[in-house]
There are 2 protein chains.
Amino acid sequence: MKKNLSKQKVIHAASSLFFQKGFHGTSVRDIAQKAKVNVSSVSYYFNGKQGLLEYAVTKYYEEYLKTIEATLEAAENWSAIDRLNELIFTIIQYKQSKLQLTCFIQRELTLDSVFVREMVITYLAKENFHIRTAFYNVLAGKKLPGDEKDYLLMQLKGMLITPYILHNEWKDRVIGDYSHEVFVNKYVKTIQNWLKFIVEN
Amino acid sequence: MKKNLSKQKVIHAASSLFFQKGFHGTSVRDIAQKAKVNVSSVSYYFNGKQGLLEYAVTKYYEEYLKTIEATLEAAENWSAIDRLNELIFTIIQYKQSKLQLTCFIQRELTLDSVFVREMVITYLAKENFHIRTAFYNVLAGKKLPGDEKDYLLMQLKGMLITPYILHNEWKDRVIGDYSHEVFVNKYVKTIQNWLKFIVEN
DNA sequence: TTCCTGTCGAACAAAAGTTGCAGGATTTCC
DNA sequence: GGAAATCCTGCAACTTTTGTTCGACAGGAA
């Protein structure tokens, strides 16, 4: 019963290579070689290279949104600030748990293609809605001039992706499973400190 | 006297296409077509596609570092916090002035290649040194536990690149030359507010 | 057996980066 | 001012690489 063993191997190899060399910088032969399967396996399982990309990204975001929404639901009756803090923790934790995919997808989303636009509509719009809603709820009591809220939201969203863009400079700090956990806790605390300042001023 | 007119056209077209589709996602024929020059011009002027990349990135960072260092020199006798604020302003202003190249290079630097490693050693190490030095000087008086300084530095560096990664979400705000200026001022102020909080707490 | 799933190698067409060469334009030098 | 050298452009061709597909074959399930 070696069910779909090759499929898993392809996904694993592709994640690693896409992360390292980018989507266009990786050939299906690279992937097949790294996964130790035949070249045609990629087309067989995923309907080609593009299909492999769509499969990986879709799976990533489906789970991502599910995790986020579960968190928000569980914290439904919490205070606005607690809810947001919990959301931040969940997001960083999820991203850290799929580090390579996170970095890769984050990079790919800065491109301008049909596929990216589809992902933006299908998933990023929802993600953005959840973060914005939670953040604005926290800011609800405060009087802020004009578009200042937008700039603060941008700052927050920036903090949620920074570790996965400056990853090269920080990878030395995150090696074992344990240090992943440490990083999540410390970094989330850093963001939450910023948040506290925003609310209290 | 149409000196190197084609060369300029190639650079311009390449910047735009690399920004939009990435380096590996853009072919020399794409570039030649957009620039309305012959395919062989790319090899003629830049020694191939890779040479074009190196030319553009090198030029970008040479000027970037020169700008940064000129700012720091001019602000030599200022207070630490004023110096850092001025540095932040200079950086954001420069990045905004070459928006497409900034976004493109930022993305390309998240890859793992020989070229990227060279750029990190040659330029990013210097950039990092200037930012870190200026930031740590501001924090000099404060007692902060362990690696908290590092996390704050990361937060700062994140803010300096966020607009050029979340660019897709923010491009609506930045259209004319005037709005570029407005954006720089407002966004720099947002960062400086954060900085003020860090220093005073 | 028969059927279905998975694997493999070979092959193909398209795309990519590069190069050589010829002709035209421009500059340089006498 | 004219000849010579240099620079630039355009076309075509070549080599490699890339993504995909096809048919053959093995092995377990029905």
Side-chain angles (χ1 to χ4, degrees), chain A residues 1-59 104-105 107-108 111-116 118, chain B residues 1-59 104-105 107-108 111-116 118:
Chain A
M1 175 160 168
K2 46 173 183 171
K3 202 188 167 210
N4 282 345
L5 217 159
S6 291
K7 194 174 178 181
Q8 297 305 319
K9 286 201 285 185
V10 168
I11 294 177
H12 192 258
S15 298
S16 172
L17 286 170
F18 286 166
F19 164 67
Q20 195 186 339
K21 318 203 297 175
F23 178 70
H24 286 293
T26 305
S27 72
V28 285
R29 283 177 176 82
D30 287 340
I31 299 171
Q33 192 177 3
K34 176 147 192 158
K36 286 174 189 160
V37 301
N38 191 273
V39 214
S40 49
S41 298
V42 175
S43 280
Y44 181 75
Y45 283 110
F46 301 98
N47 247 303
K49 192 186 174 192
Q50 183 69 25
L52 173 55
L53 173 70
E54 289 171 18
Y55 177 89
V57 175
T58 300
K59 205 172 125 196
F104 159 63
I105 293 175
R107 173 176 54 219
E108 219 62 25
L111 294 172
D112 181 20
S113 66
V114 177
F115 174 65
V116 166
E118 281 175 6
Chain B
M1 176 161 165
K2 49 170 182 172
K3 201 189 168 209
N4 283 343
L5 217 160
S6 291
K7 194 175 179 182
Q8 297 306 317
K9 285 199 287 186
V10 168
I11 293 177
H12 191 257
S15 298
S16 172
L17 286 170
F18 286 167
F19 163 66
Q20 196 185 339
K21 319 203 296 176
F23 178 70
H24 286 294
T26 305
S27 72
V28 285
R29 283 178 176 80
D30 287 340
I31 299 171
Q33 192 176 4
K34 177 146 192 159
K36 285 174 190 160
V37 300
N38 193 272
V39 216
S40 49
S41 299
V42 176
S43 281
Y44 179 75
Y45 283 109
F46 302 98
N47 246 304
K49 194 186 173 191
Q50 182 70 23
L52 173 56
L53 173 70
E54 290 171 18
Y55 178 89
V57 176
T58 300
K59 204 172 126 196
F104 159 63
I105 292 176
R107 173 175 55 219
E108 218 63 24
L111 295 172
D112 181 20
S113 66
V114 178
F115 174 64
V116 166
E118 282 175 6

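All values below were derived from every heavy atom in this structure, side-chain atoms included, with hydrogens, water molecules and symmetry-related copies excluded. Being a predicted model, the structure only gives us computed values, none of them experimental. Sequence lines set the chain letters: A, B, ... in the order given, protein chains first and strands last, and positions in each chain run from 1.
- B:Asn38 and B:Ser41 share no donor-acceptor pair across their side chains, judged by distance under 3.5 Å alone.
- If you check residues 39-58 of chain A against DNA chain C, the residues with a heavy atom closer than 4.0 Å are A:Ser40, A:Tyr44, A:Tyr45, listed by number.
- A 4.5 Å side-chain heavy-atom check between B:Val10 and B:Lys7 finds every atom pair outside the cut-off.
- Within residues 10-19 of chain A, no residue has any heavy atom closer than 4.0 Å to DNA chain C.
- With A:Phe23 as the aromatic partner, A:Lys49 meets the cation-pi criteria of under 6.0 angstrom to the ring centre and within 45 degrees of the ring axis.
- Taking the side chain as every heavy atom from C-beta outward, A:Asn47 and A:Glu54 never approach each other to under 4.5 Å.
- Considering only heavy atoms from C-beta on, B:Lys21 comes within 4.5 Å of B:Asp30 through its side chain.
- Side-chain contact check for A:Phe115 versus A:Glu108: every heavy-atom pair is 4.5 Å or farther apart.
- Against DNA chain C, the stretch residues 26-38 of chain B makes heavy-atom approaches under 4.0 Å through B:Thr26, B:Ser27, B:Val28, B:Arg29.
- A heavy-atom distance below 4.5 Å is found between the side chains of A:Tyr55 and A:Ile11.
- Across every non-hydrogen atom of A:Ser16 and A:Lys34, the tightest pair is OG-NZ, 3.3 Å.
- B:Gln33 CD: 12 or fewer foreign heavy atoms inside a 6.0 Å radius.
- You'll find the side chain of B:Ile31 reaches within 4.5 Å of the side chain of B:Phe18, heavy atoms only.
- At whole-Å resolution of the value, CG in B:Leu5 and C1' in D:dG10 are 17 Å apart.
- When rounded to the nearest whole Å, the span between NZ of B:Lys9 and P of D:dC8 equals 13 Å.
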